[in-house]
Amino acid sequence: MTEERAMDDFRTVIEPFRIHAVEPVALTTREERAGWLRDVGYNLFSLPARDVLIDLLTDSGTGAMSRDQWAAIQHGDESYAGSPSWFAFESAVKDLFGFRHVIPTHQGRAAEKILFTVTGGEGRVIPNNTHFDTTRANLEASGAEGVDLVIPEGRDPSNRHPFKGNMDIAALESLLEARGGDVPLVMVTITNNSGGGQPVSLENLRAVRALCDQYSKPLFLDACRFAENAWFIHEREAGQSHREVADIVREIASLADGMTMSAKKDPLCNIGGWLACNDDELAQSFRNLLILIEGFPTYGGLAGRDLEAIAQGLTEAVSHDYLRYRIRSTAYLGEALEHLGVPVVVPIGGHAVYIDARRLLPHIDPMAYPGQSVAVALYEIGGVRSCEIGTVMFGRQPDGSEQPAAMDLVRLAIPRRTYTQSHIDYVIEVCERLAKEASTLRGYRIVSQPAQLRHFTATFEPIG
Ligand code: F0G
């Protein structure tokens, strides 16, 4: 058991690090930003990052590496086969997750591509609490069907269930009963990114494991935010508060047969990922494909120096001081927004705060993209870049028609160890101004859009 330190007695969310190298950020005027928004057709993905003051577009690959990670990079050995950096990486991954086979990839979606090319295909159905968009896209590209079976509380932005990422066990059992023969594997995403960064409990994972045993199905974790999930278990689940997070992670992994991973999230790296499993035959098929599309099995899609940075990052990711700060600082932003009356998904998730734009802008019809309106306004008001997760992202149907998404959210994702409390206080002030201006904000219409994944490149214009 680690000694629990008393930081929580103070209001200030103290960053458990000092700044060692600084990156300048752009101070710009509202008029400049309004002009740039017009220039890029109100699509925040098209803005040059140099014109963004606080970039909350994603927590993926945007974190700050530590002194020890930069030092580890100097140990990077670029041997094609059997590099010492590979052994450092493999041993760090096995220490936490314990799977027999570890297969490095350049990022998470490459692991997904390999997993589903081998296990997916026409007629297959793959359940998850909620598939992340690249996970769904990769399994659908194989011809398989993805099914989201998160508990009903997980679909309600204002429900305060402590483990809103949990799998609906009864729904999973019905699926396995009805279509068991079509299910190659069961997945659980920790934390549930698409559902608000919400955690899954150990109890729920054990119940999923029991069903997988009953129906002889392998269980794979999409474990991008495993450490944040384990911290929530440490904080919220009965009987877990005395445990080391690393031990909780080991137990989570022991309940699964394999995992996909993006090292751009909790492992605190700017690139990287892996696929892991216990089954020898499956691993052989994964490696055959890996060699075609990523690289030799001892480096996969990565340089030796990336493997070193991941090995070191994994030891930092499970530090209690770091995780306490990480989860507390995300909650700090969320609680401040709640206090201002800005509707947000609760409880606050691990890596992001999600503004409920449909509730904030009731005068804007979902088909006029209230989420886009909030995201554009946050940039225009204060140079803060966020991400619409709503009707722009999900509204278009396969037949080309359009309907409102289930929710119109705007995600403020917090890069790891990157912004200080004063940056976040500034974001809170920008949101305060957003709330004041809310009734004057306008909806948007789409001017041009590609056939697929339109949110990345569509252009917009304000209505009226
Ligand atoms: N699974 C989850 C739950 C994710 O959040 C992501 C990426 C991936 C898989 C894919 O990993 O980016 O390394 O290929 N999420 C990022 C985000 C892009 O902004 O939430 P990747």
Side-chain angles (χ1 to χ4, degrees), residues 30 33-34 36-38 40-47 52-58 155-159 194-197 333-349 352-397 402-414 424 426-447 449 454-456 458-464:
R30 186 163 180 162
R33 295 191 292 271
W36 293 327
L37 280 167
R38 271 194 303 278
V40 298
Y42 300 91
N43 188 322
L44 300 175
F45 285 98
S46 303
L47 278 175
V52 176
L53 177 57
I54 308 279
D55 205 345
L56 307 184
L57 186 63
T58 178
R155 299 181 203 269
D156 172 2
S158 55
N159 188 303
S194 312
L333 171 59
E335 286 162 12
L337 298 197
E338 273 195 276
H339 188 69
L340 291 172
V342 175
V344 291
V345 174
V346 291
I348 307 304
V353 174
Y354 295 70
I355 298 176
D356 186 343
R358 205 175 279 174
R359 263 173 67 203
L360 182 65
L361 305 181
H363 61 288
I364 298 183
D365 186 84
M367 299 303 284
Y369 313 127
Q372 187 66 17
S373 182
V374 165
V376 167
L378 285 172
Y379 177 71
E380 190 191 304
I381 294 168
V384 175
R385 178 156 67 172
S386 56
C387 186
E388 192 265 8
I389 302 195
T391 304
V392 174
M393 197 179 267
F394 301 121
R396 190 134 76 156
Q397 306 305 302
E402 194 164 335
Q403 63 186 49
M407 297 186 272
D408 277 294
L409 303 179
V410 174
R411 184 180 76 169
L412 304 171
I414 318 291
I424 298 301
Y426 170 82
V427 173
I428 293 165
E429 271 192 67
V430 172
C431 291
E432 188 172 9
R433 223 169 280 180
L434 167 81
K436 282 210 185 90
E437 295 184 17
S439 64
T440 69
L441 296 186
R442 293 178 289 174
Y444 283 79
R445 77 167 68 84
I446 290 183
V447 176
Q449 57 181 318
R454 66 176 181 179
H455 53 285
F456 290 125
T459 59
F460 301 83
E461 66 186 12
I463 296 171

Pairing of Glu437 and Arg30 as salt bridge, 4.0 angstrom limit: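 Between Arg30 and Glu437 there is a salt bridge, with a charged N closer than 4.0 Å to a carboxylate O.
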Rounded to the nearest 0.5 Å, what separation is found between the [atom1] atom of [X] and the [atom2] atom of [Y]?
{"X": "Ser46", "Y": "Trp36", "atom1": "OG", "atom2": "CH2", "answer": "15.0 Å"}
{"X": "Leu434", "Y": "Ile381", "atom1": "CG", "atom2": "CD1", "answer": "5.0 Å"}
{"X": "Met393", "Y": "Cys387", "atom1": "CE", "atom2": "SG", "answer": "4.0 Å"}
{"X": "Arg385", "Y": "Arg33", "atom1": "CZ", "atom2": "CZ", "answer": "13.5 Å"}
{"X": "Thr440", "Y": "Leu361", "atom1": "OG1", "atom2": "CG", "answer": "9.5 Å"}
{"X": "Ile414", "Y": "Asp55", "atom1": "CD1", "atom2": "CG", "answer": "11.0 Å"}

What are the two closest non-hydrogen atoms of [X] and [Y], and how far apart are they?
{"X": "Tyr42", "Y": "Pro462", "answer": "CE1-CD, 3.6 Å"}
{"X": "Ala352", "Y": "Arg411", "answer": "CB-CG, 3.6 Å"}
{"X": "Ala357", "Y": "Val410", "answer": "CB-CG2, 4.2 Å"}
{"X": "Ala438", "Y": "His363", "answer": "O-CE1, 3.1 Å"}
{"X": "Cys431", "Y": "Leu412", "answer": "SG-CD1, 4.4 Å"}
{"X": "Leu441", "Y": "Ser373", "answer": "CB-OG, 3.6 Å"}

Do the non-hydrogen side-chain atoms of [X] and [Y] ever get within less than 4.5 Å of each other?
{"X": "Ile428", "Y": "Leu333", "result": "yes"}
{"X": "Phe45", "Y": "Leu57", "result": "yes"}
{"X": "Phe460", "Y": "Val392", "result": "yes"}
{"X": "Ile389", "Y": "Phe394", "result": "yes"}
{"X": "Thr459", "Y": "Val40", "result": "no"}
{"X": "Arg358", "Y": "Thr391", "result": "yes"}
{"X": "Val384", "Y": "Tyr426", "result": "yes"}

Residue among Gln372, Met367, Glu461 satisfying side-chain contact (heavy atoms from CB on, under 4.5 Å) with Arg445: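 Exactly one pass, corresponding to Glu461.
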Candidates Leu56, Ile54, Val430 - the one meeting side-chain contact (heavy atoms from CB on, under 4.5 Å) with Leu378: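 With Leu378 as partner, side-chain contact (heavy atoms from CB on, under 4.5 Å) holds for just one option, Val430.
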Looking at [Y], is its backbone amide N or carbonyl O close enough to the side chain of [X] to form a donor-acceptor pair, meaning the two atoms are under 3.5 Å apart?
{"X": "Asp408", "Y": "Gly371", "result": "no"}
{"X": "Asp356", "Y": "Val345", "result": "no"}
{"X": "His455", "Y": "Gly390", "result": "no"}

Residues Tyr369, Tyr444; criterion ring pair (Phe, Tyr, Trp, His ring centres under 6.0 Å); working and verdict: CA-CA 6 Å; Tyr369 313 127; Tyr444 283 79; 8.4 Å; no
